[in-house]
Amino acid sequence: MVTTSFKTTKSEEIFAAAQKLMPGGVSSPVRAFKSVGGQPIVFDRVKGAYIWDIDGNQYIDYVGTWGPAICGHAHPEVIEALHNALAKGTSFGAPSVLENVLAEMVIDAVPSIEMVRFVNSGTEACMAVSRLMRAFTGRDKMIKFEGCYHGHADMFLVKAGSGVATLGLPDSPGVPKSTTVNTLTAPFNNLEAVKALFEENPNEIAGVILEPVVGNAGFIPPDAGFLEGLRLITRENGALLVFDEVMTGFRIAYGGAQEKFGITPDLTTLGKIIGGGLPVGAYGGRRDIMSMVAPSGPMYQAGTLSGNPLAMTAGIKTLELLQKSGTYDYLDRITKKLSDGLLQIAKEKGHAVCGGQISGMFGLFFTSGPVHNYEDAKKSETAKFSRFHRGMLERGIYLAPSQFEAGFTSVAHTEEDIDRTLAAAREVMSSI
Ligand code: KE4
């Protein structure tokens, strides 16, 4: 029997106060639990695969601060490395050897990256890469896919995923038409739609940007041949292929989805894991393209805290830990056990459900599916997902508070954690 009854008095008090101080009481919309309802829990501390809320309740965590905690929260070696780095200061605003070290690790790991620039978030990385693809090709238009999320910069808030999808926002107000007129969209996994856009916009499309495995419309993997097709179409049309691997980088494989699927884009964005939980983003790719970035070239992009020594330190140690042999086999094995178990239990209890996992990334939809794109994902029963989320939370299992997000495991998750999660799911699936 898993059912627990958590007291969440302090969470409620603190979140009530937060709502008077910050829009929605949060620093990022999806954290507000708007789409799943009920009270978000206020974190006190995290360690390994676990969260403790401010009332002292413990949860098994499948969000992992939205991906960075792949080695488990507050890994002792990361904490120790940060302690040592702190003694040297918190920010330089100048070159440091730490940037060289992390840059070399990223270049060695990610097939497309010959040169890299560090920034402070995935949003910044995607903003910069959209400017770079336009600077390099001299073209203004770009293609993104419905339901994919590339941060909150204006030009990407067109049929975006993640919090935009979660809140059902009709693409954000405050974004002038002039900044989105050059953003073309197509359904994920639909090569014909992409070909049509290139035919309708000859020699005008700078590039195609995508999440190679979608995590921001729920978990949607690429259909066989989709990534290969995009590589071919972009080459044929003199456009760049850009993989937004902010979420998939170092998670789907050490070299990201591009290593896993054997498709090398021209440019890649990174974030999350390469900062080990501290604010980092990065963009990189072919040397001839990256050489356009100031000060080596004319394309401007800058940032006060870019290459921050603490963030570099946490990223270096995190990637070192991920290089341990067997890491990705373990992630894949425990996440497959979790995903297969959740789907089997849901079906046993009579629910229409589909989903899956790749390495330490998973998701499920309450629809029989299959889910190939955002339109398919929107057919899922989001109200049932909300009841599932709440039921699991009440049993000490912390899932992403949105149907349109993916779940994440870490090397700190044990077989027992997975078994406990499935036992909780067995109870919840009987009652939703
Ligand atoms: P950030 O600016 O949040 O660091 O990265 C933006 C971004 C870009 N590209 C992809 C593929 C992403 O997944 C993200 C951010 N992911 C969301 C979670 N789906 C961040 C969580 C949040 O917005 O609070």
Side-chain angles (χ1 to χ4, degrees), residues 22-36 40 43 61-70 118-130 142 144-167 169 172 188 208-222 242-252 256-258 265 267-283 303 305-306 308 311 314-315 358 360-363 374 377 398-408:
M22 298 166 280
V26 291
S27 297
S28 196
V30 72
R31 305 176 190 177
F33 278 33
K34 273 264 181 285
S35 77
V36 291
F43 283 25
D61 179 20
Y62 291 103
V63 178
T65 175
W66 300 99
I70 192 169
F118 293 116
V119 293
N120 299 283
S121 70
T123 291
E124 273 190 79
C126 292
M127 277 169 66
V129 93
S130 74
M142 74 173 172
K144 76 174 285 290
F145 293 91
E146 294 155 18
C148 282
Y149 178 71
H150 305 291
H152 64 85
D154 282 356
M155 79 290 282
F156 289 116
L157 291 182
V158 179
K159 297 182 183 172
S162 186
V164 181
T166 298
L167 301 174
L169 298 176
S172 171
F188 192 69
V208 176
I209 185 168
L210 69 149
E211 298 177 55
V213 177
V214 179
N216 288 294
F219 175 82
I220 308 176
V242 184
F243 278 8
D244 176 355
E245 296 225 43
V246 167
M247 183 184 284
T248 56
F250 295 93
R251 178 167 288 278
I252 294 294
Q258 57 197 270
L267 292 168
T268 297
T269 55
L270 296 169
K272 296 181 190 276
I273 288 172
I274 64 165
L278 272 71
V280 182
Y283 62 103
L305 295 174
S306 297
N308 174 275
I358 302 177
M361 187 174 166
F362 70 95
Y374 184 40
Y398 191 82
L399 300 172
S402 164
Q403 170 63 84
F404 303 115
E405 293 289 354
F408 304 111

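Just so you know, ligand 1 is whichever comes first in the structure, and atom 1 is the first atom listed for that ligand.
- In terms of protein heavy-atom proximity, atom 1 (P) of ligand 1 is closest to Gly122 N, 3.5 Å.
- Among protein heavy atoms, the minimum distance from atom 2 (O) of ligand 1 is reached at Thr123 OG1, 2.7 Å.
- Residue contacts with ligand 1 do not include Gly215, since none of its heavy atoms lies under 4.0 Å from the ligand.
- The minimum heavy-atom distance linking Phe156 with Lys144 is given by the pair O-CE, 3.6 Å.
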Check step by step if side chain to side chain donor-acceptor pair (under 3.5 Å) holds for Gln258 and Thr268. CA-CA 9 Å; Gln258 57 197 270; Thr268 297; 3.0 Å; yes
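- Ranking the protein heavy atoms by distance from atom 9 (N) of ligand 1 puts Asp244 OD2, 2.7 Å first.
- Taking every heavy atom of both residues into account, Tyr149 and Gly161 meet most closely at CD1-O, 3.7 Å.
- Near His150, the atoms of ligand 1 lying under 4.0 angstrom from a non-hydrogen atom of the residue are 8 (C), 9 (N).
- Arg251 places no side-chain N or O within 3.5 Å of a backbone atom of Gly256 that could act as its donor or acceptor partner.
- Under a 3.5 Å cut-off, the side chain of Glu245 and the backbone N or O of Ala257 do form a donor-acceptor pair.
- The Lys272 neighbourhood of ligand 1 comprises atoms 13 (O), 15 (C), 16 (N), 17 (C), 18 (C), 20 (C), with distances under 4.0 Å to a heavy atom of that residue.
- For Tyr398 and Phe43, the ring centers sit closer than 6.0 Å to each other.
- Lys34 contributes no side-chain N or O that, together with a main-chain N or O of Pro29, makes up a donor-acceptor pair within less than 3.5 Å.
- Side-chain N or O atoms of Ser35 include one that pairs as donor or acceptor with a backbone N or O of Pro401 at under 3.5 Å.
- When heavy-atom distances to ligand 1 are checked against a 4.0 Å cut-off, Glu124 has no atom that comes that close, whether in backbone or side chain.
- Residue Glu211 has no nitrogen or oxygen atom sitting less than 3.5 Å from a nitrogen or oxygen atom of ligand 1, judged on distance alone.
- Where the criterion is an N or O separation shorter than 3.5 Å, residue side chain and backbone included, Arg31 fails it with respect to ligand 1.
- Distance CG/Asp154 to OG/Ser130: 10.5 Å, rounded to 0.5 Å.
- With respect to atom 13 (O) of ligand 1, the closest heavy atom belonging to the protein is Asn216 ND2, 3.0 Å.
- When distances from atom 5 (O) of ligand 1 to the protein are checked, a heavy atom turns up under 4.0 Å.
- Note: no N/O pair closer than 3.5 Å links Val246 and ligand 1 by distance alone.
- On a distance-only criterion, Ser28 and ligand 1 share at least one N/O pair closer than 3.5 Å.
- Closest to atom 10 (C) of ligand 1 among all protein heavy atoms lies Tyr149 O, 3.3 Å.
- Proximity to Ser121 (heavy-atom distance under 4.0 Å) selects the following atoms of ligand 1: 2 (O), 4 (O).
- Counting atoms of ligand 1 from 1 in the listed order, those under 4.0 Å from a heavy atom of Glu405 are 18 (C), 19 (N).
- Per-residue contacts place Trp66 under 4.0 angstrom from the following atoms of ligand 1 (heavy atoms of the residue considered): 18 (C), 21 (C).
- Close approach to Ser162 involves these atoms of ligand 1, each under 4.0 Å from a residue heavy atom: 17 (C), 18 (C), 19 (N).
- Within ligand 1, the atoms closer than 4.0 Å to a non-hydrogen atom of Gly151 are 6 (C), 7 (C), 8 (C), numbered from 1 in the order shown.
- Side-chain atoms of Ser162 and Glu405 form a donor-acceptor pair, as typed in the model, at a separation below 3.5 Å.
- The two residues Phe188 and Glu211 make their nearest non-hydrogen contact at CE1-O, 3.5 Å.
- The two residues Pro221 and Ile358 have their closest heavy-atom pair at CB-CD1, 4.1 Å.
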